[in-house]
Amino acid sequence: MRERGSGSLFRVKYRDKKTQQIKICATWTMKLWVGGKPLKRSAGTTSRAVANKRLEQWKAALRQGTYVPDADQTRFDDLAALLLDEYRANGRKSLDRVEDAVDHLRAFFMGCRAQAISTERILAYIRRRQEQEAANATINRELAALKRMFRLGEKVGRVVRRPYIDMLQERNARTGFFERKEFDAVLAHLPDDLTAVFEVAYITGWRVKSEILARHWSHVDFRSGWLRLEPGETKNDEGRQFPLTADLRAALERQRARTLVGEQATGAIISWMFHRAGKPIKSFRRAWVTACRKAGVPDRIPHDFRRTAVRNLERAGVPRSTAMKMIGHRTESIYRRYAIVDEAMLKEGAVKLQILHDTQQGPAANVVSLVDVTRSRRLGSSTGRVTGRTRRKIGRGLRGKSSKSEEKIMVGRDGIEPPTPGFSVLSHGPCKCA
């Protein structure tokens, strides 16, 4: 007999629908009592010995706390629903990106049980996405969504274990930025309703779609000289404000005059700072691509304005902490990714370095060979010191060959006094000693 509480094995009886006879299922069923409630699971085998081993494994999992009821029934679609519900409940701004990542994952894992999504299967997904020529950064965003699914499933008790997911190395960091001439060329080919948008983007470095195009006229204070982003409107949910420089003020005043003309023509108040006939701008991709192609810079994207603004602040000598507040970078590591050094900045650094070298060298000095001065000198020891007899002989020779006004102080180039034999010495002019 089995010990009480150790579980039991049995085969389920059922009635055949056609013959109405009582039959016994060939596979064994396991039964355990947990918390006063019976739990039943199919052993999935017709062998009683194998079924007994699986029952013992089930009991061990219960004792260790690793057993999750119905975990074997959790599928990928259940985890994907958890992830999307969590993003919607928290109002995350990246919901559209996660939905796109889930769509790619669903095309490969749809219908799979969570327990069947192993590391090997995930590597197969990565290979498939690479065959589809997806960038490593794109694949990493999808893998991050899959990781988040398993974490949520573990929290709500739908997943027993999480597979190991190794992220790919990304080597596609963008380095694009605008020089002033390139920006002016693009600006000349943009329509009037987008000109002020990208003038503001060039100066502030703010995100075009989520920050600049979302501005209302209530967000600018011409009197105090500030353009504001309210808390909760930015990517990191922190408020931000940018001082109105002369160029930024001029761009906003031109846009304000254009808006007033539209209000007078339609008789309606336009609250949006940037608009098309009074309505907010939703898309500008076609106009942007066309303007960049005509300007001769076809590979540029609006996000390059963030790198441009950071580089301009660095060139202007703005303190890094202040620049981070103006642009909207929370950490210095992210800021450094945008602080791109271009060829012009490298040339400026080379000019400053040459100025330092010229200052250190100073005026040209007369170099006198130490061999000429101590032509017949004899060293007294291996340390390179001159004996007293030789020093007096050299001194009498120097006094005899030069007048008092033409005496020179000999200083070794390596800073050693008296000069080290074999090194040249610098002449600093006549000696002014008494």
Side-chain angles (χ1 to χ4, degrees), residues 87-88 90-97 99 178 183-292 294-295 300-309 312 325-329:
Y87 266 70
R88 294 189 183 103
N90 290 283
R92 298 185 184 276
K93 300 180 180 65
S94 56
L95 175 62
D96 54 343
R97 296 180 63 183
E99 288 176 340
F178 283 93
F183 170 65
D184 291 339
V186 173
L187 207 63
H189 294 94
L190 285 171
D192 294 338
D193 51 17
L194 292 176
T195 301
V197 174
F198 290 104
E199 285 181 324
V200 174
Y202 178 81
I203 297 170
T204 63
W206 289 1
R207 298 174 180 88
V208 175
K209 186 176 180 180
S210 61
E211 296 178 350
I212 296 178
L213 291 181
R215 295 305 86 211
H216 292 264
W217 287 112
S218 58
H219 293 129
V220 62
D221 188 345
F222 286 105
R223 180 176 298 179
S224 300
W226 293 101
L227 178 62
R228 298 191 306 275
L229 283 166
E230 303 296 341
E233 294 182 332
T234 63
K235 185 176 179 180
N236 56 18
D237 292 329
E238 294 182 355
R240 197 188 315 153
Q241 56 184 0
F242 201 99
L244 296 185
T245 63
D247 291 342
L248 181 57
R249 179 185 290 273
L252 294 178
E253 287 178 347
R254 287 194 298 269
Q255 181 65 13
R256 182 58 181 164
R258 179 176 172 272
T259 302
L260 291 176
V261 172
E263 289 179 344
Q264 294 173 359
T266 60
I269 297 177
I270 301 175
S271 64
W272 295 97
M273 187 177 296
F274 306 103
H275 54 87
R276 286 193 181 112
K279 296 182 179 180
I281 300 173
K282 296 296 184 181
S283 176
F284 54 86
R285 176 176 174 77
R286 181 175 298 179
W288 171 260
V289 172
T290 302
C292 289
K294 291 182 178 180
R300 300 299 166 79
I301 62 174
H303 202 73
D304 290 338
F305 286 115
R306 287 185 69 76
R307 284 175 279 271
T308 301
N312 289 338
K325 289 290 185 181
M326 297 170 71
I327 299 296
H329 289 140

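- Taking 4.5 Å as the limit, every side-chain heavy atom of V220 sits out of range of all side-chain heavy atoms of E253.
- Sorted by first and then second residue, the pairs that involve residues 258-268 and meet side chain to side chain donor-acceptor pair (under 3.5 Å), not counting sequence neighbours, are T259-H275.
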(message) What verdict does the side-chain contact (heavy atoms from CB on, under 4.5 Å) test give for Q255 and W217, after you've listed the backbone C-alpha separation in whole Å, the side-chain angles of each residue and the deciding distance to 0.1 Å?
(response) CA-CA 10 Å; Q255 181 65 13; W217 287 112; 4.0 Å; yes
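- The pair E99-R88 meets the salt-bridge criterion, since a charged nitrogen lies less than 4.0 angstrom from a carboxylate oxygen.
- Note: S283 OG to K209 NZ = 7.5 Å, rounded to the nearest 0.5 Å.
- To the nearest 0.5 Å, atom CE of residue M273 and atom CG of residue L213 are 11.0 Å apart.
- One N or O on the side chain of R228 and one on the backbone of S218 form a donor-acceptor pair closer than 3.5 Å.
- Side-chain contact between R240 and E211: present, with at least one pair of heavy atoms (C-beta onward) separated by less than 4.5 Å.
- Here the closest non-hydrogen pair linking L190 and T195 is O-OG1, 4.0 Å.
- Taking the charged nitrogens against the carboxylate oxygens, E233 and R215 do have a contact shorter than 4.0 Å, which makes a salt bridge.
- Between F183 and E199 there is a side-chain heavy-atom pair separated by less than 4.5 Å.
- To the nearest 0.5 Å, the span separating CG on L229 from CZ on R207 amounts to 9.5 Å.
- The two residues W272 and G278 come nearest to each other via the heavy atoms CD1-O, 4.0 Å.
- G205 approaches A309 most closely through the heavy-atom pair CA-CB, 3.5 Å.
- Between F284 and F198, the gap from one ring centroid to the other is short of 6.0 Å.
- The closest side-chain heavy-atom distance from R300 to V186 is not below 4.5 Å.
- The distance from the CZ atom of R97 to the CG atom of L95 is 12.0 Å, given to the nearest 0.5 Å.
- Listed by chain and number, the residues in a salt bridge (Lys or Arg N to Asp or Glu O under 4.0 Å) with R256 amount to none (sequence neighbours excluded).
- Contact of the V200 side chain with the L227 side chain is registered, since non-hydrogen atoms from C-beta on lie closer than 4.5 Å.
- By the 4.5 Å heavy-atom criterion applied to side chains, H189 and T290 are not counted as neighbours.
- No donor-acceptor pair under 3.5 Å is formed between the side chain of S224 and the backbone N or O of W226.
- Between I203 and F242 the shortest side-chain heavy-atom distance falls below 4.5 Å.
- The shortest heavy-atom contact between L248 and P243 is CD2-O, 3.7 Å.
- With rounding to the nearest 0.5 Å, the separation of CD1 in I281 from CZ in F274 is 8.0 Å.
- The two atoms that bring A196 and A251 nearest to each other are CB-O, 4.3 Å, heavy atoms only.
- Taken to the nearest 0.5 Å, the CG atom of D184 stands 6.5 Å off from the CG atom of L187.
- Within the 4.5 Å cutoff, no side-chain heavy atoms of L194 are placed close to those of W288.
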